[in-house]
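Heads up: the structure comes next, in structure tokens.
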Amino acid sequence: MTYDIESLLATLNAQQRAAVTASDGPVLVLAGPGSGKTRVLAHRVAWLLAHEGAAPWRVLAVTFTNKAAREMRSRLGRMLGDDAAREMTIGTFHATCARILRREAEHAGLDRNYLIFDSDDQLAVVKRVVKALGLDDKRYRPRALHAAISRAKNELLAPADYPVLTYYDEIVKRVYGKYQETLQESNALDFDDLLVEPVRLFRENPEVLDKYRRRFRYVLVDEFQDTNIAQYTLVRLLTEEHRSLFVVADEDQSIYSWRGADYRNIQRLRNDYPELVQILLTENYRSTQIILDAAQAVISRNFDRTPKELFTRKEGGPRITLREAYDEEEEAAYIVGEVRSLAREGFHWSDVAVMYRTNAQSRALEEAFVHAGIPYRLIGGTRFYSRMEIKDVLAFLRLAQNPDDDVSFLRVVGTPPRGIGARTIAKISAEAATAGLSLFRGAQRILTLGTLGGRTHNALAAFVELVAGWQADVGRMSVARLLDRILAETEYEPYLRDGTEEGEGRWENVRSLRAVVAEEPDIALVDFLTEVALVADVDEIKEDVDAVTLLTLHSAKGLEYPAVFLTGLEEGMLPHSRSLEDSPQAVEEERRLLYVGMTRAERRLYLTHAFRRNWYGNSEPAARSRFLEDLPAEVLVDTNRRRRERQAVQSSWAAPGWGASNPKPARRREVERQYSEGQRVRHRNYGEGIVQESRVERGDEIVTVLFFDNQVKDFLVGVAPLEPVSQH
DNA sequence: AAGGATTGCTTTTTT
DNA sequence: AGCAATCCTT
């Protein structure tokens with residue numbers, strides 16, 4: 001051994017040590033946020049190697065994101081040496097499963113060069129199926145059908161097992177069946193199949209299962225509360241014999257139920273492994289007492305949980321700042337101001353994160369940061385690999401790898417425009433269907449039949465020849481060279497660079513992809529495509545860039561920052577209106593989301609909400625989030641100077657919930673208008689301007705002001721920081 | 001077949 | 001408001 005396990009253990013607290021040194025049976029670590037669970041996981045591996053004589057290659061560690069996997073690997077590398085760490089299997093469920101399926105393709109009844117369909121591709125397949133079955137896509141929304149299919153797969157239900165209670169279920173079942181057929185014909189697996197297929201593989205091939213049980217003699221799972229049925233089943237299949245399972249979970253951080261995650265897997269674990277050793281990690285090393293208290297106050301209101309007493313040695317700390325802004329712009333302006341003042345205190349940009357419930361909320365924030373000249377990094381949003389141009393280029397590559405990928409064929413057969421349109425595609429489709437071929441092969445067949453018009457025939461022949469040429473080059477040249485060839489032959493660059501700024505940006509993205517490819521000169525195309533399909537944007541966070549991080553609460557899981565801003569704490573935003581319509585359990589999940597956000601903060605925490613927020617284009621009043629009511633007054637600094645005045649207005653027309661569906665209490669009040677057209681006014685943030693219009697709506701005066709920088713804004717008089725300017 | 005205009009729909013959240 | 005899908009014109 002190149003390391004000394006005893007001195008490694010000496011750095012742990014008693015709880016952590018108990019977890020790490022628990023017997024080599026099933027262990028469940030219930031870990032609070034910031035309790036060092038990643039360290040515990042890594043130390044557990046070291047312990048297994050030292051005390052159980054585990055060989056590194058027999059260790060399987062499953063993490064939630066690739067980023068977490070990378071961190072785990074480098075941590076283990078530091079502790080045990082890089083060679084040992086390299087031998088271990090460390091990765092997400094999806095990545096690990098993809099690798100197993102590649103290796104066991106024959107047993108699984110798959111072509112080992114299968115492609116992975118991401119959610120966009122999945123939706124494209126559903127749409128095609130809906131069309132092929134002649135269904136009305138208004139009544140049977142592809143999105144909803146896809147969600148139903150995905151849910152079924154997460155629960156390991158094959159099309160034949162799909163429960164039918166209503167006619168709609170019957171349709172889902174049929175679409176699901178045809179969907180699965182299409183995937184098979186395309187030699188593709190979707191995201192969910194990556195989990196489902198290994199379960200099938202193991203169940204149908206006991207000898208294969210046996211091999212992996214022996215191989216993965218030590219199984220560790222992080223973020224166990226976010227596993228779904230398929231993942232749980234996999235874990236159980238692998239470990240029910242040797243029972244060396246070590247999982248880390250926090251039910252208070254379960255935020256992926258909409259994706260099939262089921263925190264009740266924790267309870268299942270207790271049932272299926274009665275000898276389970278449970279250990280609590282309650283010391284928090286991340287946050288100040290104040291932040292932890294506030295987070296606890298919020299989460300303790302959930303009914304569906306086991307109470308935990310977390311503590312920290314970071315006593316006290318600055319109180320949490322609560323701020324109400326007029327609208328999202330003012331909210332963003334406030335945040336920018338506070339970030340600046342944090343910077344003056346010595347915080348780096350990268351010490352700061354701004355979090356929100358929905359990606360759409362990033363816009364106002366981005367604008368404010370751009371305006372202020374503060375560098376920021378946006379996580380998520382339109383993810384790099386779902387940009388139009390990137391998907392196009394990947395579709396070319398996918399076709400090169402696999403001619404039967406119909407989704408990719410449809411995507412690029414007319415991109416860039418080459419004289420192949422809807423009519424031709426319909427003919428290809430019909431031919432492919434009758435001959436039982438993929439679209440690409442159907443196209444080839446049509447060409448030999450020569451049933452197309454001259455011009456169309458030549459256009460299609462040229463395209464088919466291009467693709468065939470690439471196919472011949474797969475494996476003969478590097479992915480980078482193949483990509484260059486594709487870009488040249490499709491004349492993709494001039495197509496993108498149409499003279500607009502947007503076009504330049506898109507080409508820039510393609511060049512970034514080219515750079516990614518170039519980083520791995522020896523990778524096989526199919527492995528590159530797999531890698532690309534399995535990365536998430538959170539994985540792309542580079543720590544060495546000094547920039548403020550903008551991200552959703554979901555992406556924030558597992559991360560920590562010295563200073564955190566949680567924005568949009570309004571009814572309808574957090575909790576999101578969809579969860580309010582859904583169920584009390586959904587609202588509890590929203591509360592956990594806030595808890596996750598709050599517990600990301602080490603030293604400073606800011607909570608903001610807006611008095612009005614833009615929603616589908618128009619500005620709606622917003623009531624402050626119900627979750628804010630649970631914060632004890634002593635942990636807060638309420639900076640809302642005008643709050644008392646506002647509350648009077650707010651409570652009259654914004655409670656509870658908000659939005660067009662909430663009837664405003666009728667309150668007829670004759671309002672005397674304070675402003676008139678042409679009057680000169682001053683706004684605290686926007687400066688001076690001229691009133692363009694003054695009107696009374698819902699008993700409140702609203703003025704439209706044209707500011708001297710030509711911005712036009714609406715304000716609610718009495719709430720907005722607006723005052724008349726005397727004219728001499 | 002291509003490109004522009006119009007409609008109608010959307011927003012949770014992501015491996 | 002912004003964007004994709006669809007319609008409409010050339």
Side-chain angles (χ1 to χ4, degrees), chain A residues 62-69 91-98 116-120 122-124 127 131 137-138 141-143 147 150 153-154 190-195 222-223 226-228 230-231 254-261 328 355-364 379-383 385-386 388 413-426 453 455-456 459-460 498 533-539 551-558 568 572-582 586-587 589-590 592-594 596-597 613-620 659:
Chain A
V62 186
T63 57
F64 193 71
T65 61
N66 292 304
K67 181 172 182 281
T92 61
F93 270 106
H94 287 86
T96 308
C97 288
I116 296 168
F117 276 12
D118 68 14
S119 356
D120 291 338
Q122 287 176 274
L123 194 61
K127 281 180 181 166
K131 200 170 277 179
D137 62 0
K138 295 277 188 291
R141 298 256 162 111
R143 283 188 160 282
S150 186
K153 288 189 176 188
N154 286 167
D190 69 18
F191 250 32
D192 305 311
D193 287 334
L194 289 177
L195 305 174
D222 194 10
E223 308 280 16
D226 284 320
T227 51
N228 60 32
Q231 289 162 330
S254 157
I255 54 175
Y256 283 99
S257 71
W258 49 273
R259 190 169 90 182
E328 60 269 291
M355 302 174 188
Y356 36 80
R357 178 65 176 84
T358 67
N359 282 307
Q361 287 167 264
S362 71
R363 178 168 256 122
I379 310 300
T382 328
R383 336 177 73 68
Y385 288 108
S386 33
M388 177 262 270
V413 66
T415 313
R418 52 172 69 84
I420 300 167
R423 281 181 76 84
T424 314
I425 291 171
R455 203 157 56 176
T456 318
L460 187 62
D498 54 1
L534 295 176
V535 296
D537 271 18
V538 214
D539 298 330
L551 74 179
T552 63
L553 289 163
H554 282 90
S555 325
K557 181 150 92 154
M573 214 72 242
L574 188 74
H576 194 273
S577 49
R578 295 288 277 254
S579 71
L580 292 170
E581 290 160 21
D582 192 348
V587 177
E589 181 150 319
E590 299 285 303
R592 292 195 289 270
L593 212 37
L594 174 59
V596 167
R613 187 167 294 274
N614 274 324
W615 194 247
Y616 293 128
N618 44 18
S619 182
E620 294 279 350

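Residue numbers start from 1 in every chain, and the chains themselves are labelled A, B, ... in the order their sequence lines are given, proteins ahead of strands. None of the values given here were measured: they were computed from a predicted structure.
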By the 4.0 Å heavy-atom rule, please label L194(A) as base, sugar-phosphate, or nothing. nothing
Report the distance from atom CD of E223(A) to atom C1' of dT15(B), rounded to the nearest whole Å. 12 Å
Non-hydrogen side-chain atoms of Q231(A) and H94(A) separated by less than 4.5 Å: yes
Is the gap between the ring centers of Y256(A) and F64(A) under 6.0 Å? yes
Listed partners of S362(A) passing side-chain contact (heavy atoms from CB on, under 4.5 Å), at least two apart: Y356(A), E366(A), L378(A)
Can you check the L551(A) CG to dT13(B) P distance for me, whole Å? 13 Å
Nucleotide nearest R363(A) (side chain, heavy atoms from C-beta), chosen from dG2(C), dT13(B), dA1(B): dG2(C)
Starting at the 5' end of DNA chain B, which residue's closest nucleotide do you reach first, Q122(A) or G421(A)? G421(A)
Could you tell me the separation between the CD atom of E620(A) and the P atom of dA1(C), rounded to a whole number of Å? 14 Å
Just to be sure I understand the rule, does A95(A) reach a base, reach only the sugar-phosphate, or reach nothing, if contact means heavy atoms closer than 4.0 Å? nothing
Euclidean distance, atom CZ of residue F93(A) to atom C1' of dT14(B) [Å, nearest integer]: 16 Å
Tell me: CD of E589(A) to P of dT14(B), nearest whole Å? 13 Å
Of the listed nucleotides dA5(C), dT6(C), dA1(B), the one nearest the side chain of D137(A): dT6(C)
Stacked pair F191(A)-dT15(B), distance under 5.5 Å, angle under 30°: no
Please compare G419(A) and L195(A) by the position of their nearest nucleotide in DNA chain B and report the one closer to 5'. G419(A)
Phosphate OP1/OP2 of dA1(B): any T456(A) side-chain N/O under 4.0 Å: no
As an exercise, state the distance from CG of N228(A) to CZ of F93(A), rounded to the nearest 0.5 Å. 8.0 Å
Could you state the interatomic distance from OG1 (T65(A)) to CD (E223(A)), rounded to the nearest 0.5 Å? 8.0 Å
Got a list of protein N/O to nucleotides 8-11 of chain B N/O distances below 3.5 Å?
residue	atom	partner	partner atom	Å
dT10(B)	OP1	R141(A)	NH1	2.8
dT11(B)	O3'	R578(A)	NH1	2.9

Reported OG1-to-CG distance for the pair T358(A) and L553(A), which is rounded to 0.5 angstrom: 9.5 Å
Under 3.5 Å, is there a donor-acceptor pair linking the side chains of D192(A) and S150(A)? yes
Expressed as a whole number of angstroms, how long is the span from R423(A):CZ to dA2(B):C1'? 15 Å
Categorize S579(A) for me: base, sugar-phosphate, or nothing, with a 4.0 angstrom heavy-atom threshold over every strand shown. nothing
Y356(A) OH to dT13(B) P: how many Å, rounded? 10 Å
Where the side chain of P417(A) is concerned, which of dA5(C), dA2(B), dT13(B) is the nearest nucleotide? dA2(B)
Phosphate OP1/OP2 of dT14(B): any S119(A) side-chain N/O under 4.0 Å: no
Options dA5(C), dG3(B), dT15(B), nucleotide nearest the side-chain atoms of H94(A): dT15(B)
Distance, rounded to the nearest Å, where M388(A) contributes CE and dC3(C) contributes P: 12 Å
Could you check whether N359(A) gets within reach of a base, just the sugar-phosphate, or nothing at all, counting any heavy atom under 4.0 Å? sugar-phosphate
Could you tell me whether the side chain of D137(A) reaches within less than 4.5 Å of the side chain of K131(A), counting heavy atoms only? no
